[in-house]
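Each chain gets a letter, A, B and so on, in the order the sequences are listed, and its residues count up from 1.
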Amino acid sequence: MSVAPKDNPYLAHRHPTQRGAGPSGSNSSALGVKEPLYGFLPRKVGGEQVRKAMENDTNPFTKQPHSAQYKKILESRKKLPVFAQMDDFYKMFTDNQIIVMVGETGSGKTTQIPQFVAYSDLPHTKGKLVACTQPRRVAAMSVAKRVADEMDVQLGRQVGYSIRFEDMTEPGTTFLKYMTDGMLLREAMNDPNLERYSTIILDEAHERTLSTDILMGLLKGLAKKRADLKIIIMSATLDAVKFQKYFSIKSTEAAPLFKVPGRTFPVEVFYTQEPEPDYVEAAIRTVLMIHRAEDPGDVLLFLTGEEEIEDACRKIKLEADDLVNQDPDAVGPLICIPLYSSLPPQQQQRIFDAAPAARTSGGPPGRKIVVSTNIAETSLTIDGIVYVVDPGFSKQKVYNPRIRVESLLVSPISKASAQQRAGRAGRTRPGKCFRLYTEKDFMNELEEQTHPEILRSNLSNTVLELVKLGIKDLVRFDYVDAPAPETLMRALELLNYLAALDDEGNLTPLGGIMAEFPLDPQLAKMLIVSPEFKCSNEILTITAMLSVPNVWLRPNNQRREADAAKAMLSVPDGDHLTMLNVYNEYVNNAHDKNWTWTHYLSARALAQADNVRKQLERTMERYEVEIVTLSDQNKLYANVRQALVCGFFMQVAHKEGEKGNYLTVKDNQVVALHPSCGMDTQPEWVIFNEFVLTTRPYIRTVTEIRPEWLLDFATNYFDLSSFPDGETKRALTRVVNKKAGKANRVEGTADMREAKKRKKNKS
DNA sequence: GAGCACTGC
C-alpha cells in the first residue's frame, strides 16, 4: 500500500497543538512495529486496520501499554452486533458526508460508533474533536465513562463529557466528547460553524427534543458550508426514512442508511377485546392477573402521573394482600414501587431492589411491580422486567399559541411509544406486553410518532437562539418539521416587545446578551435590566429560584404544618419576594439541611437554585451586568417589583369585581390566584410567572404591581390606542389621565418616581 | 383551596 506523506499524520508533521499524538520520533525507524496507527490515512481507514490497532499492546492514543482490563472489555465489545459490521461502516464513512444510522437497543451503537469514527477521523492529529450528543445528562456522563474505560484512558482526558455545570474535558487532549444536545447548541451560538468538530454524531435523534431538531437544521446547512464536516444521525428504525430524505445532499438522493440489528428478546403482545372504560382500574386488574397466573418475572405498569401512580400502588397492594389472605399457597408476595421524576433519588433507586423471596421454600415466588410514568420509557431501564402493562396514555405538553399557554394533557401515546414500552419487557429474556386497548385502535387510532417537541412548545427561547445562530428567515428555516407560523409569530412578537429583536426582526445588542443566559427571555430581560433598579442581586436570586422545581414540600399528612411553615416565610407583597426571602434565609442558615427540613423546604431544589445562581452570576460578570443592591428594604422591594415588570409585562392580570376573578391583560382570560399564592390581599394589578390550567385556570407565583409601572416600563405594549376595549383599558386610561394631570414634569430614575408615588400615597 | 409527563441550557 502506498502512503502519501501529506495525508498521513504519522509520517508527516504533528499538529502543533497536539501533545502526545504521532510517533515519538526516536522510534521512527520502527514505526511499523511501535506505532499502532501506522499507515492510517484519515477517513480512509478500513476495519482490518482498526481491529489490528485495537489488538496492539500499545494504546495508540496514550502510547501507554494496554491494561489487562482493556483486553477483557475488548473481548466483550467484539460480541456487540455493531462490531461485526465494522468493515461496512468504514466503507460508508469514507464515502459519505452524512450517514443515517438505525440501531436497535443493545446494538452497541452509542458506545462503539464514536470510537470507530475516532479511529478513522483521527481528530487528535488535527486538533479537532468528535462529538456525540445525548438528550440527557446522565446518559452523556455514563456513556463517556464507559467509553473511557473501553479505550483505556482516564475520563476527562482523551474521552470526556460536557454537560451543564460540568465540563469533563481537557482542551487539546480530549478528542472524543459526549455532550447533551443543548450544550452543543449553546456552543453553536458562539461558533456557528462548529469549527472544533470534525464529526458530529446526533444520538437518539428519534426522540426529537427541541435541541436535536434545531441541531439537525443547523447541521444540514453546515454540511453545505463545511465539506470537511461529517455528520451521523442515529435513530430508531421508524424515523430513518424521514431523516434520510431530510439529509439528502442532492435533492434526488437520500442519505445512506446504516443498519445495525439489536440484541433483545421477543415480546409477545396482547390486546384487549373491547376498549377499557377505566384504564387505571383495568391496569390494576391486569397486574393482579399477571401476579396470579403468569410465570415469575417483574412487571412494569405505565401510568400518567404522580397521583395516579401512588393511588394505583395503594390499590394493588391492598388487593394483593387480599389474595394472599384468601389462599397463602396460591400467590407469592408482591412489592409495588412507584417511579416518577419528582421522587427523591434514593426512592427512585428502589426500582432496582430484587423481587421479594417466596414466603416458604418451594412456595410461590415473589414479584416486583414498578408503576411508572414515561420516565421508564426512555430515561431509566430496569433489568428483569418480563411483563409490561400499557394502558396507552401519557401526559403530554401541548401549546396553544393563541393564549400563549403550555399545558399538560393526558393523551393517547403513539405507536412508536407503544413499541418502546413493549420493548421494555424483552431486555433480559422473552417477555409479554399487555396493551389495554384493542388491536384495531392501535392500528387506526394511534399516531405513528409522538409529535416532536418543536410542534408542542412555546418557541420564544428557541427563536432567540435561532436568531443568535444567525438564522435570518425563521419561517423558511429548513426544519425537519416546521412549527405553526402562529407559534413563530407569537415568539417574534414577545421578543420584539422585550426589545431583544428590532422591528425588522434583527437581534439587538440586548437580545444578544439575553441569548447568552440559559433562561427564558422574560427572565433574561429582567435580570439584565435589574442593575438600573439597583436590585440585580435580588433579581438574580429570584431568577434562579424560578428556574428550579418548586421548593415547597407538602406531605399529605402534614399539610397544615407545611402551610404554617410557609406562611412564616411569606412576604405579603408577592410570591417573588417570598422566594427571595426563602433563599436568603436558606443562606443565612448556612444551607443547613435541618433548617430546610423543619421549614418544609426541598433541600435538593434549594441546592439547585444555588448552583443556577452561581452560573448566572458568572454570565453576568462576563457581560458586565453589575450585581448591586440597596440597603433600604422597602425601597429594594419596590424596585424588585419594578424590575419584574420589565420582563413580565405581558403576564399581567387585573382584578374584576370582588369574587377573586382576574382577567389577563390583552388575552382576557378569566383566571384566579392559585391557592398556593402567599399574598394576604387581592391586589388590583398583579404580574404572574405561570398560567396553569388544572381544575380551572390559575395564575401562579404572583406579585402586586402598580399600573404606572406598566405604562413606564412597557410603553409599547401598553400603547392604549391599540389596546382591546374593556375594563382593563378603562382602568389604564384613568391612570394615564391622572399622570398627565399631575406628573408631566417628573423626571429622573424609576426609583425616584416610585419614591414620589409612595409619598403621595401616604399623604 | 391545589398537584408535578419528561428533558435541557
Nearest whole Å is fine: how far is [N] [atom2] from [X] [atom1]?
{"X": "Q682(A)", "N": "dG1(B)", "atom1": "CD", "atom2": "C1'", "value": "13 Å"}
{"X": "R186(A)", "N": "dT7(B)", "atom1": "CZ", "atom2": "P", "value": "20 Å"}
{"X": "L215(A)", "N": "dC9(B)", "atom1": "CG", "atom2": "P", "value": "12 Å"}
{"X": "M141(A)", "N": "dT7(B)", "atom1": "CE", "atom2": "P", "value": "14 Å"}
{"X": "L409(A)", "N": "dC6(B)", "atom1": "CG", "atom2": "C1'", "value": "15 Å"}
{"X": "M179(A)", "N": "dG8(B)", "atom1": "CE", "atom2": "P", "value": "14 Å"}
{"X": "Q608(A)", "N": "dC9(B)", "atom1": "CD", "atom2": "P", "value": "11 Å"}
{"X": "L469(A)", "N": "dC9(B)", "atom1": "CG", "atom2": "P", "value": "16 Å"}

Would you list the pairs meeting side-chain hydrogen bond (donor to acceptor under 3.5 Å, both in side chains) in which at least one residue belongs to residues 176-185 of chain A, sequence neighbours left out?
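Sorted result for residues 176-185 of chain A: K177(A)-E187(A), K177(A)-Y197(A), D181(A)-T209(A), D181(A)-T212(A).
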
Between [X] and [N], is there a side-chain N or O to OP1/OP2 distance below 4.0 Å?
{"X": "T695(A)", "N": "dA2(B)", "answer": "yes"}
{"X": "T304(A)", "N": "dA5(B)", "answer": "no"}
{"X": "R554(A)", "N": "dG1(B)", "answer": "no"}
{"X": "Y698(A)", "N": "dA2(B)", "answer": "yes"}
{"X": "R137(A)", "N": "dC9(B)", "answer": "yes"}

Would you mind telling me which of [options] lies closest to the side-chain atoms of [X]?
{"X": "S341(A)", "options": "dG1(B), dC6(B), dC9(B)", "result": "dC6(B)"}
{"X": "K397(A)", "options": "dC9(B), dA5(B), dC4(B)", "result": "dA5(B)"}
{"X": "P675(A)", "options": "dG8(B), dC6(B), dA2(B)", "result": "dA2(B)"}
{"X": "H674(A)", "options": "dA2(B), dC4(B), dC6(B)", "result": "dA2(B)"}
{"X": "I163(A)", "options": "dA5(B), dC9(B), dC6(B)", "result": "dC9(B)"}
{"X": "R164(A)", "options": "dG8(B), dC9(B), dC4(B)", "result": "dC9(B)"}

With sequence neighbours left out, what residues match [X] under salt bridge (Lys or Arg N to Asp or Glu O under 4.0 Å)?
{"X": "K525(A)", "result": "none"}
{"X": "R186(A)", "result": "none"}
{"X": "E306(A)", "result": "none"}
{"X": "E447(A)", "result": "none"}

Which residue lies toward the 5' end of DNA chain B, D181(A) or N550(A), if each is placed at its nearest nucleotide?
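That would be N550(A).
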
With heavy atoms under 4.0 Å as the rule, sort [X] into base, sugar-phosphate or nothing.
{"X": "T378(A)", "value": "nothing"}
{"X": "T180(A)", "value": "sugar-phosphate"}
{"X": "L185(A)", "value": "nothing"}
{"X": "E306(A)", "value": "base"}
{"X": "D563(A)", "value": "base"}
{"X": "R208(A)", "value": "nothing"}
{"X": "Y340(A)", "value": "sugar-phosphate"}

Separation of [Y] [atom2] from [X] [atom1] (nearest 0.5 Å):
{"X": "S460(A)", "Y": "Q522(A)", "atom1": "OG", "atom2": "CD", "value": "5.5 Å"}
{"X": "L459(A)", "Y": "E453(A)", "atom1": "CG", "atom2": "CD", "value": "9.5 Å"}
{"X": "M183(A)", "Y": "I163(A)", "atom1": "CE", "atom2": "CD1", "value": "8.5 Å"}

Are Y437(A) and E445(A) linked by a side-chain donor-acceptor pair shorter than 3.5 Å?
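Y437(A) vs E445(A): no donor-acceptor pair found between side chains.
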
Taking only heavy atoms on the protein side, list every residue of residues 369-377 of chain A lying under 4.0 Å from any atom of DNA chain B, sorted numerically.
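Only T373(A), I375(A) qualify.
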
